[in-house]
Amino acid sequence: MLKNYLVIAIRNIRRTKTYSTINIFGLSMGVACCLLLTLYVQDELSYDKHQNRLDDLYRVTTTFSAGVGIEPFSTTSPPVALTLKQEIPEVENAARILNPPGVTQSLIKYEDKVFYETDGLLADS
């Protein structure tokens with residue numbers, strides 16, 4: 001039975017080559033897009049899942065109100081982390097991540113190895 005279906009499919013592909021090529025190409029593009037979208041969503045949903053207390057993890061951002069409108073930024077001023085830790089007793093730990101302006105490469109040294117890393121960030125321990 002499966003052999004008959006395969007023979008009929010091959011006959012139809014040979015008979016209508018252009019139509020079959022368009023259909024096969026469209027199907028392969030659809031499957032590829034679906035797989036890429038699934039991988040992207042899986043990656044986004046797995047973000048920070050390695051943290052033990054994920055529900056207690058927060059990110060502080062800044063929102064500027066300009067003359068044109070409201071513009072959000074994903075960063076804050078560095079003293080905010082220490083101030084939050086000192087002023088709010090519920091804050092157990094705070095860390096700062098800094099992208100130094102004008103630095104394209106950072107020199108990294110670990111034991112005997114020395115190398116340059118592009119797009120590096122500085123972080124508190």
Side-chain angles (χ1 to χ4, degrees):
M1 184 100 164
L2 186 61
K3 181 181 174 185
N4 290 335
Y5 288 144
L6 189 60
V7 169
I8 292 171
I10 291 173
R11 283 183 192 162
N12 285 333
I13 289 173
R14 286 183 182 162
R15 196 175 308 144
T16 57
K17 291 180 182 177
T18 306
Y19 182 72
S20 298
T21 303
I22 291 171
N23 279 337
I24 292 171
F25 179 74
L27 179 65
S28 63
M29 288 298 293
V31 170
C33 289
C34 182
L35 286 174
L36 287 175
L37 186 62
T38 302
L39 289 172
Y40 175 76
V41 169
Q42 181 183 10
D43 180 57
E44 288 296 316
L45 292 177
S46 68
Y47 187 74
D48 271 344
K49 293 289 184 182
H50 63 280
Q51 301 290 339
N52 293 335
R53 296 169 46 195
L54 184 60
D55 294 337
D56 295 334
L57 185 64
Y58 295 95
R59 180 178 183 177
V60 179
T61 60
T62 304
T63 303
F64 285 112
S65 178
V68 178
I70 297 173
E71 188 171 347
F73 287 97
S74 62
T75 60
T76 59
S77 179
V80 170
L82 297 176
T83 305
L84 284 174
K85 190 173 179 182
Q86 291 172 356
E87 300 290 326
I88 303 173
E90 289 84 9
V91 175
E92 296 175 9
N93 288 315
R96 299 171 293 181
I97 298 175
L98 177 67
N99 186 5
V103 177
T104 57
Q105 288 186 342
S106 300
L107 179 65
I108 307 294
K109 181 178 180 182
Y110 177 72
E111 295 177 352
D112 297 342
K113 300 177 184 177
V114 177
F115 57 92
Y116 285 99
E117 181 68 34
T118 57
D119 299 326
L121 299 173
L122 302 175
D124 289 339
S125 57

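All values reported here derive from a predicted model rather than from experimental measurement.
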With the 4.5 Å side-chain cut-off for hydrophobic clustering, are L122 and V103 part of the same group?
-> no
Is there a path of hydrophobic side-chain contacts, each under 4.5 Å between heavy atoms of I, L, V, M, F, W or Y residues, that connects L36 with Y40?
->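 Hydrophobic grouping puts L36 apart from Y40.
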More than 12 non-hydrogen atoms from neighbouring residues, nucleotides or ligands closer than 6.0 Å to CD1 on I97, yes or no?
->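 Atom CD1 in I97 is not crowded, with 12 or fewer foreign heavy atoms closer than 6.0 Å.
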In terms of heavy-atom contacts, does CD of E44 have more than 12 from other residues, nucleotides or ligands at under 6.0 Å?
-> yes
So do [Y] and [X] actually touch side chain to side chain, heavy atoms under 4.5 Å?
X	Y	answer
K49	L54	yes
N12	R15	yes
L84	V60	yes

Would you say the side-chain atoms of T16 pair up with the backbone N or O of I13, donor to acceptor, closer than 3.5 Å?
-> no
Are any side-chain N or O atoms of S20 and backbone N or O atoms of K17, one a donor and one an acceptor, separated by less than 3.5 Å?
->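 No; judged by distance alone, with no hydrogens or angles, the pair does not exist.
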Closest non-hydrogen atom pair, A81 against A94 =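 Where A81 meets A94 most closely, the heavy atoms are O-CB, 3.4 Å.
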Among residues two or more places apart or on two chains, list those pairs meeting side-chain hydrogen bond (donor to acceptor under 3.5 Å, both in side chains) that have a residue in residues 84-96.
->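 Pairs touching residues 84-96 that pass the test: R53-E92, R96-D124.
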Contacts of D112 meeting salt bridge (charged side-chain N to carboxylate O under 4.0 Å, His left out) (sequence neighbours excluded), chain-then-number -> none
Can you sort out the partners of R59 under salt bridge (charged side-chain N to carboxylate O under 4.0 Å, His left out), two or more places apart, ordered by chain and number?
->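 So R59 forms no salt bridge (charged side-chain N to carboxylate O under 4.0 Å, His left out) with any residue.
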Straight-line distance of [X] [atom1] to [Y] [atom2], nearest 0.5 Å:
X	Y	atom1	atom2	answer
F25	T21	CZ	OG1	10.5 Å
T61	F73	OG1	CZ	11.0 Å
C34	L39	SG	CG	9.5 Å
S106	F115	OG	CZ	10.5 Å

Check step by step if side chain to side chain contact (heavy atoms under 4.5 Å, CB included) holds for I108 and V114.
-> CA-CA 6 Å; I108 307 294; V114 177; over 6 Å; no
